[in-house]
Amino acid sequence: MPPLLMEAENLTVTYGSYAALKKVNFSVFEGEIVAIVGPNGAGKTTFLETVAGLLKPKEGSLKFRDRNITKLEPFQRRKMGLMLIPQEGNLFPSMPVKENLQLGAFFENKRSTEEILNRVYRIFPKLQDRTRQLAGTLSGGEQRMLAIGMGIAANVKALMIDELSLGLAPKVVGNLLSILRDLRDETGITLILSEQSIKALDVADRVYGLEAGEIRFTEDAQQLDRDLIKSLYLGA
Ligand SMILES: Nc1ncnc2c1ncn2[C@@H]1O[C@H](COP(=O)(O)OP(=O)(O)O)[C@@H](O)[C@H]1O
Ligand SMILES: [Mg+2]
């Protein structure tokens with residue numbers, strides 16, 4: 001069993017008096033691909049933003065790489081190798097593709113920027129054809145590729161992607177997912193993907209079902225009972 005990389009214990013997050021997450025327990029092992037599935041409003045974004053440090057929990061704790069990070073600021077978590085690609089944004093729309101990727105590589109000091117960019121271009125050749133194009137003028141799918149490319153350029157330990165498939169054609173989603181799996185196989189990166197659709201199950205090792213701020217189940221993705229998924233989305 002690989003070592004534990006990230007762990008949330010009894011995590012409760014509130015907006016005013018509304019509890020968007022209720023005593024959530026969650027763990028990810030090094031090199032794992034974990035999917036968080038659940039209907040709109042389940043608390044997926046709230047969870048990822050809390051792990052990234054953008055929201056502070058009311059109760060509970062977060063551990064990353066054997067360190068208690070509950071009180072750390074987002075940039076401190078980022079420096080430890082934990083990065084969130086939000087549902088939208090994360091790009092500098094008025095800057096060219098290449099500059100966006102260079103910013104992504106900002107914290108990476110082991111390899112040269114050129115080496116890093118070449119790696120991203122190998123994964124997303126489309127971005128290489130458009131290095132001078134302003135990020136804001138890319139199509140939705142290309143912007144998502146660029147946002148993920150920035151995460152790859154950053155050479156992080158764990159990449160969290162909120163709603164990977166949002167606004168993308170099914171074929172593009174399939175491609176992105178297999179690219180991410182190859183990336184994990186090649187580099188050992190840990191991936192936490194949130195998804196409203198169940199497409200992410202195709203590449204995940206393990207799945208968490210989240211509904212109304214509570215974890216309903218944790219399952220090995222290959223053994224997942226389809227009825228569990230149905231009940232999650234139909235509220236049965
Ligand atoms: N800034 C906010 N203020 C108040 N309620 C919020 C806020 N953001 C999210 N919520 C509520 O918290 C719940 C979980 O939202 P969210 O984490 O965005 O779910 P998901 O990403 O699974 O769709 C929803 O009921 C949502 O309306
Ligand atoms: Mg969301």
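Both counts, for ligands and for their atoms, begin at 1 and track the order of listing. Throughout, numbering of the chain's residues begins at 1 and tracks the sequence.
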Sort and list the pairs that fulfil salt bridge (charged side-chain N to carboxylate O under 4.0 Å, His left out) and have at least one residue in residues 157-180, not counting sequence neighbours. Glu30-Lys157, Lys44-Glu163
Ignoring hydrogens and angles, tell me if any N or O in the side chain of Arg130 forms a donor-acceptor pair with the backbone of Val97 under 3.5 Å. no
Does a salt bridge link Arg206 with Glu219, judged by any charged N lying under 4.0 Å from a carboxylate O? no
At a cut-off of 2.8 Å, list the protein N/O/S atoms near the Mg ion (ligand 2), residue plus atom name. Thr45 OG1, Gln87 OE1
First-shell residues of ligand 1 [heavy atom, distance under 4.0 Å]: Tyr15, Tyr18, Ala20, Pro39, Asn40, Gly41, Ala42, Gly43, Lys44, Thr45, Thr46
Salt bridge present between Arg184 and Asp205 (N-O < 4.0 angstrom): yes
Do the side chain of Glu99 and the main chain of Leu103 share a donor and acceptor less than 3.5 angstrom apart? no
Just checking Phe26 against Tyr208, ring centres under 6.0 Å apart? yes
Once salt bridge (charged side-chain N to carboxylate O under 4.0 Å, His left out) is applied, do any residues pair with Arg65, and if so which ones, sequence neighbours excluded? none
Within this structure, what is the CE-CZ distance for the pair Met83 and Arg78, rounded to the nearest 0.5 Å? 5.0 Å
Just by modelled atom types, is the Leu138 backbone N or O under 3.5 Å from a matching donor or acceptor in the Gln143 side chain? yes
